[in-house]
Amino acid sequence: MLVLLKRGAGEAEAADVASRLRMFGLAVHRTEHDGQVRLAALGEVGAVDWESVRGWPAVASAARIPRPFKLVSREFHPSPTIITVGRVSIGSEQLAIMAGPCSIEGEEQAFAIAAAVARAGATVMRGGAFKPRTSPYSFQGLGEEGLKLLRRAADAHGLAVVSEVMDTQQVELLARYADILQVGARNMQNFSLLREVGQCGKPVLLKRGLAATIEEWLMSAEHLMAQGNRQVILCERGIRTFETYTRNTLDLNAIPVVKELSHLPVVVDPSHGTGIRNKVAAMARAAVAAGADGLIVEVHHDPDHALSDGPQSLFPAQFDELVAQVRTIAGVLGRRV
Ligand code: PEP
Ligand code: MN
């Protein structure tokens, strides 16, 4: 239920309404919009006499939130959520450009790519240290060593860091090195992981599952927010379809759909979305034109020898060009890189 307080209700009244709602066994989350306190009261709402709640002196209204995802919904929080990480405010008029290798492979690689993406205009460096690989014989990532290299390389170029967490036992470690914890497509519905990441206090990049509907994806974001994490960034990275010419089908429909349903920022991953280097820029441009709040792009200084996802990784010069094009499109939309 969404309980709106009367305009002018003070802190003490808001706290009092929240604690009375908690006495019904409900979880209460608070936000503000237009100078009005809004409380989402979640849980077994059917047992509560809402008519009497509506009569409480500080309460203006109490209405059902007409979505299965409550905290993620625009009804709870009408204005866009903006998440500031390093030099970028994700969800603002500034596009978040995140780029880097699929995996951190070594010092020289991490530093060369950090320099290249920073020069092109990225503000966040990506790079996996724990890799979810289809084959157990493929490179699995450098683990903590990879995180250290990623952090040092990013710091040397004034970049923030995003990196994937695969397991509940890695959350603390990732939170020590990364500014944004990535939950990968394969883990979108790993609910124990979502619970831990929801409590870690860091922004989360939640990738859409390979076969997840938009509603399932938003429900996973709800799991994070229900744990108290308000800093959730959604990432469309392509879904499985019957099409085989591309690795995935990048669902750009998701951008305007999510923008209507939710206040959370949405970024797009055209690298996994296409799986093909020479298709990445086109879909990056399309994503920004469709209203994405940012991009996450795989870039490698030597993609032919990359230990993962080389075929979809851009050469630095291609990434330079992509950012220049996206900058032009952003300008048309009143946004900037
Ligand atoms: C990645 O970002 O390298 C990755 C494994 O992404 P996804 O979870 O979208 O497949
Ligand atoms: Mn990858």
Side-chain angles (χ1 to χ4, degrees), residues 96-105 109-110 113 117 122 124-136 138-143 146-147 149-150 154 160-167 170 174 178-190 193-194 197 203-212 214 216-217 220-221 224 232-241 246-252 254 266-277 279-280 283-284 287 292 294-315 319:
I97 308 292
M98 312 183 189
C102 180
S103 309
I104 299 298
E105 301 166 4
Q109 178 244 22
I113 298 172
V117 301
V124 181
M125 181 172 179
R126 63 150 290 147
F130 296 96
K131 295 302 302 178
R133 303 307 300 278
T134 300
S135 166
S138 301
F139 178 60
Q140 305 290 309
L142 295 179
L147 290 174
L149 291 173
L150 173 60
V161 160
V162 58
S163 195
E164 177 163 356
V165 57
M166 280 177 55
D167 192 278
Q170 297 163 354
L174 262 294
D179 302 298
I180 305 173
L181 273 60
Q182 174 174 327
V183 173
R186 290 154 192 81
N187 266 321
M188 188 203 83
Q189 285 189 319
N190 180 339
L193 181 60
L194 296 177
V197 172
V204 184
L205 182 84
L206 177 66
K207 289 200 154 193
R208 181 176 178 183
L210 276 68
I214 292 172
E216 288 164 340
W217 183 25
S220 289
L224 294 167
V232 180
I233 304 150
L234 298 164
C235 177
E236 165 60 45
R237 48 78 72 204
I239 50 174
R240 273 284 164 82
T241 68
T246 49
R247 180 177 179 183
N248 290 292
T249 296
L250 189 61
D251 180 15
L252 295 183
V266 190
V267 307
V268 168
D269 174 348
S271 305
H272 295 85
T274 61
I276 306 168
R277 183 178 305 133
K279 307 289 182 286
V280 170
M283 298 314 289
L295 298 168
I296 179 163
V297 181
E298 287 185 342
V299 177
H300 201 291
H301 67 312
D302 183 12
D304 291 341
H305 295 103
L307 297 181
S308 60
D309 284 348
Q312 69 193 29
S313 298
L314 298 185
F315 287 95
F319 183 62

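Throughout, numbering of the chain's residues begins at 1 and tracks the sequence. Hydrogens, waters and symmetry mates play no part in the numbers below; they use all other heavy atoms, side chains included. In listed order, ligands and their atoms are each counted from 1. None of the values given here were measured: they were computed from a predicted structure.
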Inset, instruction - Would you mind counting protein N, O or S atoms that sit less than 2.8 Å from the Mn ion (ligand 2)? - result: 4
Inset, instruction - Using heavy atoms and a cut-off under 4.0 Å, could you grab the residues that are in contact with ligand 1, chain by chain, numbers ascending? - result: Cys102, Arg126, Lys131, Pro132, Glu164, Gln182, Gly184, Ala185, Arg186, Lys207, Arg237, His272, Glu298
Inset, instruction - May I ask you to decide if Ser103's main-chain N or O and Gln109's side chain share a donor-acceptor pair within less than 3.5 Å? - result: yes
Inset, instruction - Would you check if there is a donor-acceptor pair between the side chains of Asp309 and Gln312 at a distance under 3.5 Å? - result: yes
Legend entry - Main-chain N/O of Ser313 paired with Arg277 side-chain donor or acceptor, under 3.5 Å: yes
Inset, instruction - Examine distances only and state if a side-chain atom of Gln140 and a backbone atom of Ser138 form a donor-acceptor pair shorter than 3.5 Å. - result: yes
Inset, instruction - For the pair Arg126 (side chain) and Glu298 (backbone), establish whether a donor and an acceptor sit closer than 3.5 Å, ignoring hydrogens and angles. - result: no
Inset, instruction - Kindly say whether Leu250 contributes a backbone atom to a donor-acceptor pair with the side chain of Asn248 at under 3.5 angstrom? - result: no
Inset, instruction - Report the distance from atom CG of Leu150 to atom CG of Leu142, rounding to the nearest 0.5 Å. - result: 10.5 Å
Legend entry - Main-chain N/O of Gly238 paired with Glu236 side-chain donor or acceptor, under 3.5 Å: yes
Legend entry - Test side-chain contact (heavy atoms from CB on, under 4.5 Å) applied to Leu210 and Met188, Arg186, His272, the passing residue: Arg186
